[in-house]
Protein chains: 4
Amino acid sequence: MQKRVDPATPPAGQTPDLSTETGRELAADAAGAGKTPRTERGRKTMRAILDAAALEFGERGFHDASISGITRRAGVALGSFYTYFDSKDAVFRALVRDMSDQVRDHVAPGIRAAPDQLAAEHAGLRDFIAFVRGHKELYRIIDESEFVDPESFRLHYSTTADRIAARLKAAAARGEVRDDVSEIHAWALMGINVFLGLRYGVWEQDRSPADVADVIADMLATGIGPR
Amino acid sequence: MQKRVDPATPPAGQTPDLSTETGRELAADAAGAGKTPRTERGRKTMRAILDAAALEFGERGFHDASISGITRRAGVALGSFYTYFDSKDAVFRALVRDMSDQVRDHVAPGIRAAPDQLAAEHAGLRDFIAFVRGHKELYRIIDESEFVDPESFRLHYSTTADRIAARLKAAAARGEVRDDVSEIHAWALMGINVFLGLRYGVWEQDRSPADVADVIADMLATGIGPR
Amino acid sequence: MQKRVDPATPPAGQTPDLSTETGRELAADAAGAGKTPRTERGRKTMRAILDAAALEFGERGFHDASISGITRRAGVALGSFYTYFDSKDAVFRALVRDMSDQVRDHVAPGIRAAPDQLAAEHAGLRDFIAFVRGHKELYRIIDESEFVDPESFRLHYSTTADRIAARLKAAAARGEVRDDVSEIHAWALMGINVFLGLRYGVWEQDRSPADVADVIADMLATGIGPR
Amino acid sequence: MQKRVDPATPPAGQTPDLSTETGRELAADAAGAGKTPRTERGRKTMRAILDAAALEFGERGFHDASISGITRRAGVALGSFYTYFDSKDAVFRALVRDMSDQVRDHVAPGIRAAPDQLAAEHAGLRDFIAFVRGHKELYRIIDESEFVDPESFRLHYSTTADRIAARLKAAAARGEVRDDVSEIHAWALMGINVFLGLRYGVWEQDRSPADVADVIADMLATGIGPR
DNA sequence: TATGAATGAGACTTCATTCAT
DNA sequence: TATGAATGAAGTCTCATTCAT
């Protein structure tokens, strides 16, 4: 396990505004995987199914999850599922997108507010760990997209890495980090975030997110060589 | 998803041949998941099945893989599968163990031979990337163990992180790295290795393993702050 | 094999029709082994499956019977079976219960209407033989429960014997039979009924149920010693 | 459960003499279902398989029993089974015959030695119950023959009933029982024996075989009417 | 929209039997 | 005779998806 979602954010302004409705409804909607409900009642049902799906997929994994399990949790009839989603794959895709967006949104403000790049990475990791603690199903769902929907899996990490790389490049231009930062550094940072999120967010919580972020920020600042 | 197996590598060029018998029987055997064959003929059949399973699981993923697909590749009858393994899960477990052992064994020598810790990490990453290039199925199999056999998934990463942590501690004692290295650093290193292996080993090979390792070794030495 | 179900019988000629719906739904329902259908359509399908199962199990025995054979007879798709029953064992259990209830219910009235205990045993045996003639599958199904579901097998005979014993005790209190009647007599009577039902109900019908019952009633009245 | 084996015996002299070898070996041999072993070693192996089969079939029933289970218990290789028996059905048939013969032989002496018919029935029942206590698998095996090999099942009970009927007729001629004894009485007696053997031999042993036989002999002598 | 019954392809697993050694 | 690996037919059960109400 090491999938991750995104401890970083796009430059301000690129964050899609999800605040019109509940925020979460639109996110799902934006995924385009679900059929747009036309009534308020329909919107609620769809949201209930999506939330139930997060639980079901998180607990049992994609293949062991069942549509009937999802509708049972959502408290709707089996057939109603197909009123909102075309297939099992479709909810899953919508869900991956939904969660992916959620992390990004929850982590973005901290990064934007940081005074410099190292502080931004610190905030990003700290907030990311904190977020996954409240969303343990995140890993299982995003991880499994590798098998269910490889394209979105690959897209997810490519996009995330690109975002980090862009951030680093911009910081280099500002002189906040060395000027040879590259895609390799971006992938390394992503790997760090993902694994620390798994270890200190999902598995055990024996260290505070801030402590973990401190250690990493320090390592990024000066390396691990002898002082 | 980007699970990994072992941030260590065998001497370059020694990528083990997954299809020969030497050395691999013991690993499979050690897994204890299969029924030990009593004759030479049986031993060959079991190895054929295990190799076929690596291909099948690697190409199609656990759930889409089928026992009949495995036996077809292995050139044996469907029923023969059950002469050696109790279930689909059982081969999978045996396979995870088998591959996990392989990476570790092939990556260890390079690490041991390195003059100091930074060189060791360099060799480990370089050789690991080289290794996965020859074993693309590695990621899919180890990654998917999270869903098929969570215990071995967790065990795999815990063990690997512990190994790295022990290595760092020893290096700190020798004065080769800062003396406050901790488990957090170990997980960070593991994350780096796993993601770079995914990106530059499995996905694309637009940078040589050595180049990638150079960049990371440099980052570990002095951080990414401005020079 | 000569299991039996109930040494009591319904008024002669009232052999219940296994294929109608009246009265039988509740029995199956009471078994609790099936998933209760929520619609009328579902109720009919479930009944069709249960009736088809009686035929299939009766003709081929539990192990040679197949779910597909049952659904073929019932005229429904294979999968529909699992809409109503969890497993092959589950239908079988429901069926044993269903048939056990049927015999008891159809044999009880004759016993209740008899003027004294010997007349009751006469009526019971006579009606039982008549009943099994119309339900040849009864023996095979109840007999086989010994192997498929030992608990219900044992329960069936224990219950039946208890019922007979209670009947005898009550009759003794009324002075209709010797006052040392015991459980042993109850089991003996059950054995007689079961074997005569097998021989003169299922195997051959060379003697009328009433004739057979006459002989036994006489034996019970005075024994088989010389006159 | 109510199958039975035989609480009676044929007139002296009709009992096949099984005493040449171990007695049990010949019985199996006589069944003709097994291939005659030519060496002493072979004879032992065959006996081991037959005994193991009695355990396996008794514990798990015909269908759940497996050839490999039998050979495992017998301590021989799977393939060796087919050196002595043609099929699973064949061992089963041999076994039914073997056990059927055993009961008859163990019960015959008591019956022959009885001074009159009522005493003979008493001895027969008593010895039968005693026998099944030491051979609990008897019922399951003979019962299941109804499903595995209906002919021998039917033959078994027909033969037994005929033997009892012949006995009764002879006794009637001697004036020991009423002269209208018939096949019906024979089947009734068989039913009594079988069910009491099940209840007081296999299920629980809360009454001694002699006590049970006393009650039945008394019932046969004078009936169950008020004294 | 909502409901839940119906469908049927598909996959795992078992095990009697054969056969080469 | 003994061994145990190999075979493959057969059967149970799951579940995504459709559809009539």
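Each chain gets a letter, A, B and so on, in the order the sequences are listed, and its residues count up from 1.
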side-chain contact (heavy atoms from CB on, under 4.5 Å) assessment of Arg93(C) paired with Ser145(C):
CA-CA 8 Å; Arg93(C) 260 193 304 276; Ser145(C) 73; over 6 Å; no

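- Residues Ser80(B) and Ser87(C) each lie close to DNA chain F; by heavy-atom proximity, the contact nearer the 5' end of the strand is made by Ser80(B).
- Of the inter-residue distances, the one linking Ile141(D) atom CD1 with Phe92(D) atom CZ reads 6.5 Å to the nearest 0.5 angstrom.
- Classification of the His63(C)-His63(D) ring pair by plane angle, with boundaries at 30° and 60°, yields parallel.
- Applying a 4.0 Å cut-off to non-hydrogen atoms, none of the residues of residues 56-73 of chain C approaches DNA chain E.
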Worked verdict on Asp149(D) versus Val96(D) for side-chain contact (heavy atoms from CB on, under 4.5 Å)
CA-CA 10 Å; Asp149(D) 183 30; Val96(D) 170; over 6 Å; no

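- In this structure, Glu137(C) does not pair ionically with Arg140(C), as no charged nitrogen and carboxylate oxygen lie closer than 4.0 Å.
- For the pair Gly79(C) and Arg41(D), nearest-nucleotide mapping onto DNA chain F gives the more 5' position to Arg41(D).
- Base-pair partner of dG8(F): dC15(E) (Watson-Crick or G-U wobble, both distances under 3.5 Å).
- Listed by chain and residue number, nothing satisfies the side-chain hydrogen bond (donor to acceptor under 3.5 Å, both in side chains) test with Arg41(C) (two or more places apart in sequence, or in another chain).
- On the nucleic acid side, DNA chain F has its first and last nucleotide under 4.0 Å of a heavy atom of chain A at dA16(F) to dT18(F), going 5' to 3'.
- Taking the six-membered ring where tryptophan is involved, the planes of Phe147(D) and Phe147(C) are perpendicular, since the angle between them exceeds 60° and thus also 30°.
- For the pair Thr45(A) and Gly42(C), both in contact range of DNA chain E, the more 5′-proximal nearest nucleotide belongs to Thr45(A).
- In this structure, Glu151(A) does not pair ionically with Arg154(A), as no charged nitrogen and carboxylate oxygen lie closer than 4.0 Å.
- In this structure, CZ of Phe85(B) is placed 18 Å from C1' of dT14(E), rounded to the nearest angstrom.
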Can you list the steps and then say if Asp98(A) with Arg47(A) is a salt bridge (charged side-chain N to carboxylate O under 4.0 Å, His left out)?
CA-CA 11 Å; Asp98(A) 187 59; Arg47(A) 184 72 245 168; 3.4 Å; yes

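- With a 3.5 Å ceiling on both atom-pair distances, the Watson-Crick or G-U wobble partner of dT21(F) is dA2(E).
- One can place CG of Leu78(C) at 10 Å from P of dT7(E), the figure rounded to the nearest angstrom.
- Among the protein residues, Phe81(D) comes within range of no part of the nucleic acid, since none of its heavy atoms lies under 4.0 Å from any strand.
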